[in-house]
There are 2 protein chains.
Amino acid sequence: MPRKPEYDRDDLIARARDIFWRQGWAGTSLKDLERELKLKPGSFYAAFGSKDALYGLALDRYAQEGVARLRALADRVGPLEALKAQPRLVIEASGAPAKACMLAKTYAELQAKDHELAGRAGVLMSEMKACFADLFRQAQETGDIAPSHDPNRLAMRYQSELLGLRLSAERSDVDAHEIAADIAADIDRL
Amino acid sequence: MPRKPEYDRDDLIARARDIFWRQGWAGTSLKDLERELKLKPGSFYAAFGSKDALYGLALDRYAQEGVARLRALADRVGPLEALKAQPRLVIEASGAPAKACMLAKTYAELQAKDHELAGRAGVLMSEMKACFADLFRQAQETGDIAPSHDPNRLAMRYQSELLGLRLSAERSDVDAHEIAADIAADIDRL
DNA sequence: TATATACTTGAGTGATCACTCAAGAAAGAC
DNA sequence: GTCTTTCTTGAGTGATCACTCAAGTATATA
């Protein structure tokens, strides 16, 4: 007896993620979302409850897809090659709405206000870091990286480098490919 | 015959810089500024013209002091030691309102909207990068770094690492000191 | 002391913010 | 077709945004 919604909820979340990713939390108004998602306020709030709730869903989707993409890459080319390729891949992603990491942007924007979404972004960054640590550990098991290194420390440094790289990639006066190549070269030296 | 203002303009800019640095552009309202600077709207607009104008002054001050501090450090301990010490110093700065770089935060927040302040932050980051390149060049002249490296490329990578480090330093699940130590160790290997 | 020249004050501006809700439209169940 | 349930619509909510301005106040000069 009910009526079905005209929109595809998953697609809406993905589109919202792209807008939030590009413009940030404060930089995205409900007017923006209504226009891009083609939802009137009533439908928007029936579907998602609030701007923050949708942002949270977008954030989760972003992180989940990021981890999945890296894991899939590692399954194909192995942990070491995946870690070496990732810097180049993240700055080349042509379909992406921005080069910088959405988790990092969210954290930087909202952490000072102790916003719940900053906390969520922090947790997701931590999970991403754990994923990196896993790959470093695997690369040690396959003998590609010397066992003397602490995989957690490698992951921490690697993630920090990626965050810097991705922010640098938004600048026109920086050749991010050179940085990415240098990061990959450093991994080979481990 | 005129009356003198009750405030110290330079001090006001420094205090505004700290608020903007911590809370970002959209995250700082005029109410915030009026409260922290103890200025009523009339005085505020007589003194600075607009929120954006004050933000611009704060940004310039931030960058100018950052460059000056690094140059002074290099004069004391030499270019190589300055470059090695900087990562630790920026994350230890106890009086600072935030660990992350204000230029990077501004750029990340406002670049998508082509805001004038993002452009200004970009230019200032570029000047900072040039300062890093100078130091790498000097370190090559003193023989501390092999002359085969391109100082501009080293500066680019170094700045990218610093941006990542400083963002990481805001996280509670990351030991930024370890990252800083690793960055310094890598400089020694050049 | 008188006057001219700022600076300070704070109520008030229109615009935009996230969000609400009542009314109308559409689709499955009977 | 009729009913029930849900979705869609969009005008409207109070709050907050950056900002204005006229009136009041303080000070240096004459």
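Letters A, B, ... mirror the listed sequences (proteins, then strands); counts begin at 1. Excluded from the calculations below are hydrogen atoms, water molecules and symmetry mates; all remaining heavy atoms, backbone and side chain alike, are included. Predicted, not measured: the structure shown is a model, and the values here were computed from it.
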Notebook entry, point to check: Side-chain N or O of Tyr45(A) less than 4.0 angstrom from OP1 or OP2 on dT20(C)?
Noted result: no

When rounded to whole Å, the CZ to C1' distance for the pair Arg35(B) and dT16(D) reads 13 Å

Tested for side-chain contact (heavy atoms from CB on, under 4.5 Å) against Asp52(A), the lone hit among Glu116(A), His115(A), Arg120(A) is His115(A)

Closest to the side chain of Pro41(B), out of dC19(C), dT9(D), dG10(C), is dG10(C)

Rounded to whole Å, NZ of Lys113(A) lies from C1' of dT16(D) at a distance of 12 Å

Is a donor on one side and an acceptor on the other found under 3.5 Å between the side chain of Lys51(A) and the backbone of Thr28(A)?
yes

Rounded to whole Å, CZ of Phe44(B) lies from P of dG10(C) at a distance of 18 Å

In whole angstroms, the gap separating C1' of dG10(D) from NZ of Lys31(A) amounts to 11 Å

Against the side chain of Tyr7(A), the closest entry in dT8(D), dG10(D), dT9(C) is dT8(D)

inquiry  = Closer than 3.5 angstrom, by distance alone: can the side chain of Glu109(A) be matched with the main-chain N or O of Ala26(A) as a donor-acceptor pair?
reply    = yes

Side-chain atoms of Ser29(A) come closest, of dC17(C), dA18(D), dA11(C), to dC17(C)

From CG of Leu54(A) across to P of dC19(C) the rounded distance in Å is 11 Å

Looking only at dT8(C), dA18(C), dT20(C), the nucleotide nearest the Leu30(A) side chain is dA18(C)

Plane angle bin for Phe20(A) and Tyr55(A) - parallel if under 30°, tilted between 30 and 60°, otherwise perpendicular = tilted

(message) By the 4.0 Å heavy-atom rule, please label Lys51(A) as base, sugar-phosphate, or nothing.
(response) sugar-phosphate

When Leu83(A), Asp144(A), Leu80(A) are each screened for side-chain contact (heavy atoms from CB on, under 4.5 Å) with Phe136(A), the one that passes is Leu83(A)

note: Asp8(B), atom CG; dC7(C), atom C1'; distance rounded to Å ~ 16 Å

Taken to the nearest whole Å, CG/Asp32(B) to P/dT16(D) is 12 Å

Quiz item: Can you check whether Ser43(B) has a side-chain N or O nearer than 4.0 Å to OP1 or OP2 of dC7(C)?
Solution: no

_So Phe48(B), base contact, sugar-phosphate only, or nothing? Heavy-atom distance under 4.0 Å._
nothing

OP1 or OP2 of dG10(C) less than 4.0 angstrom from a side-chain nitrogen or oxygen of Lys40(B), does that happen here? yes

Leu39(A) atom CG is separated from dA18(C) atom P, nearest whole Å, by 15 Å

